Amino acid sequence: MRLGVNIDHVATIRQARRAREPEPVTAAALAELAGADGITVHLRGDRRHIQDRDLRLLREVVSTRLNVEMAATDEMVAIAGDVKPGQVTLVPEYPDEVTTTGGLDVVQHQTAIAGVVGRLQAAGITVSLFIDPAPDQIVQARETGATAVELNTGPYADATPDGRTAELVRIRQAASQAHEDGLEVLGGHGLTYVNVKPVAAIPEIVELNIGHSIVARAVLVGLERAVREMVVLLG
Ligand code: PXP
């Protein structure tokens, strides 16, 4: 299982003071040294954490794979075409949300999303769609031409102990369906050192993107240790 470390909240700490530190690019290098298989950042329209400058520096320094989460807007497609990260993950984005809430609605917006996927792929970028683990979303995701999906594990992470098994089953079934459809299957959102193991055990999922929990632990024990401990859990 590959681990993509989302370092947005390193930038969140910096932006809290509009200061020069901590540098996301330094965090990326440390995470890679500790065993991360990829670095993920979300360039938000409001630039609340990661800045355009960070993207350019990360593109230079990341030696694994840089995965940039972004909304399917003309502004973001232009930036991706400039920076050319290894992968773009298209996510829904709302101005007042604290974090990404729910997957892209590919069923509703299939044509528009397919257009953006095509433009990114024409620039040589691999495209993944962040979707809820629902059969109709997977079917439509495949239709856009995207080659990968990231299944939203947020509802599993937020579920009560009683509801958690049902959410895990949804993710398992979705992973199996997406894999059969020829999509690369990733997962992420809300995963922690406590809840990650059952998701990491799903054989069709090849990569998990984890941010908040790793950066939160890193503040207390250091980034290298935090990443290494997650690598061990992913097996
Ligand atoms: N995957 C996607 C698409 C996300 O938007 C985020 C949050 O930026 C994550 C994974 C990581 O979520 P978390 O910070 O809860 O680990």
Side-chain angles (χ1 to χ4, degrees), residues 1-15 21-93 99-100 104 116-130 146-151 183-189 191 205-215 218 223-224 226-228 230-231 234:
M1 175 69 69
R2 305 195 304 251
L3 171 63
V5 176
N6 180 315
I7 56 169
D8 288 349
H9 294 318
V10 174
T12 301
I13 297 171
R14 179 190 62 192
Q15 296 309 112
E21 60 182 7
E23 269 288 2
V25 75
T26 309
L30 285 173
E32 287 186 328
L33 285 174
D37 300 290
I39 301 297
T40 296
V41 291
H42 184 170
L43 186 69
R44 282 187 167 268
D46 63 11
R47 306 299 196 273
R48 70 174 71 158
H49 39 54
I50 294 294
Q51 307 295 307
D52 300 56
R53 159 196 178 274
D54 298 324
L55 269 197
R56 290 192 299 275
L57 293 177
L58 287 165
R59 179 68 181 78
E60 293 291 319
V61 169
V62 167
S63 60
T64 53
R65 177 170 74 174
L66 179 62
N67 172 37
V68 180
E69 298 173 4
M70 54 174 53
T73 61
D74 287 343
E75 180 200 10
M76 290 299 155
V77 172
I79 291 170
D82 250 21
V83 174
K84 292 205 190 331
Q87 179 169 298
V88 160
T89 301
L90 294 176
V91 299
E93 201 175 292
T99 182
T100 312
L104 275 179
V116 171
V117 169
R119 286 160 68 195
L120 290 167
Q121 288 176 335
I125 300 166
T126 300
V127 184
S128 175
L129 304 182
F130 180 63
T147 53
V149 287
E150 179 176 329
L151 300 175
L183 292 160
E184 186 176 47
V185 190
L186 295 75
H189 211 273
L191 296 174
I205 299 183
V206 296
E207 178 175 321
L208 294 175
N209 277 302
I210 307 177
H212 182 267
S213 191
I214 290 177
V215 175
L223 185 59
E224 287 196 51
V227 171
R228 281 190 208 288
M230 189 58 84
V231 166
L234 263 50

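Both backbone and side-chain heavy atoms feed into the values below; hydrogens, waters and symmetry mates do not. Small disclaimer: the values here were computed from a predicted structure and weren't measured.
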Mind telling me whether His9 and His212 have parallel, tilted or perpendicular rings, with 30° and 60° as the class edges?
-> perpendicular

Check the pair Gln87, Val68 against side-chain contact (heavy atoms from CB on, under 4.5 Å), reporting the backbone distance first and the verdict last.
-> CA-CA 6 Å; Gln87 179 169 298; Val68 180; over 6 Å; no

When every non-hydrogen atom of Ile7 is compared with those of Pro24, the smallest separation belongs to CD1-O, 3.3 Å

Heavy-atom pair with the smallest gap, counting every atom of Ile210 and Leu191 | CG2-O, 3.5 Å

Correct closest heavy-atom pair for Gly188 and Phe130 would be O-CE1, 3.7 Å

Could you tell me which non-hydrogen atom of Ile125 sits nearest to which non-hydrogen atom of Val88, and how far apart they are?
-> CG2-N, 3.6 Å

With Val62, which residues qualify under side-chain contact (heavy atoms from CB on, under 4.5 Å), at least two apart?
-> Ala28, Glu32, Ile39, Leu58, Thr64, Leu66

Going from CD on Glu93 to CG on Leu43, what distance comes out if it is rounded to the nearest 0.5 angstrom?
-> 8.0 Å

Could you give me the CA-CA distance, side-chain angles and deciding distance for Asp46 and Arg48, then say whether salt bridge (charged side-chain N to carboxylate O under 4.0 Å, His left out) is met?
-> CA-CA 5 Å; Asp46 63 11; Arg48 70 174 71 158; 3.1 Å; yes

List in chain and number order the residues that pass side-chain contact (heavy atoms from CB on, under 4.5 Å) with Ala146, two or more places apart in sequence or in another chain; answer none if no residue qualifies.
-> Val117, Leu129, Thr144

Just jot down the salt bridge (Lys or Arg N to Asp or Glu O under 4.0 Å) partners of Glu184, sequence neighbours excluded, or say none.
-> Arg2

Side-chain donor-acceptor pairs under 3.5 Å in residues 75-83, sequence neighbours left out?
from, atom 1, to, atom 2, distance (Å)
Glu75, OE2, Arg47, NH1, 3.4
Glu75, OE2, Arg47, NH2, 2.7

Partner of Val41 under side chain to side chain contact (heavy atoms under 4.5 Å, CB included), chosen from Val5, Leu55, Asn67, Val10 | Leu55

Rounded to the nearest 0.5 angstrom, the OG-CG distance for Ser128 and Leu120 is 11.5 Å

Where Ala148 and Leu186 come nearest, the two heavy atoms and their spacing = CB-CD1, 4.0 Å

Keeping to residues at least two apart or across chains, list the salt bridge (Lys or Arg N to Asp or Glu O under 4.0 Å) pairs with something in residues 53-64.
-> Arg14-Asp54, Glu23-Arg53

If you round to the nearest 0.5 Å, how far is CG of Leu208 from NE2 of His189?
-> 13.5 Å

Quick one: CD on Glu21 to CD1 on Ile13, what's the gap to the nearest 0.5 Å?
-> 10.5 Å

Considering residues at least two apart in sequence or located in another chain, which fulfil the side-chain contact (heavy atoms from CB on, under 4.5 Å) criterion with Asn6?
-> Asp8, Thr40, Glu69

Hey, is the main chain of Thr89 close enough, under 3.5 Å, to the side chain of Glu150 for a donor-acceptor pair?
-> no

Is there a donor-acceptor pair under 3.5 Å between the side chain of Glu207 and the backbone N or O of Ile205?
-> no

Drop me the distance from His49's NE2 to His42's NE2, to the nearest 0.5 angstrom.
-> 6.5 Å

Do you know which two heavy atoms are closest between Ala27 and Leu223, and how far apart they sit?
-> O-CD2, 3.3 Å

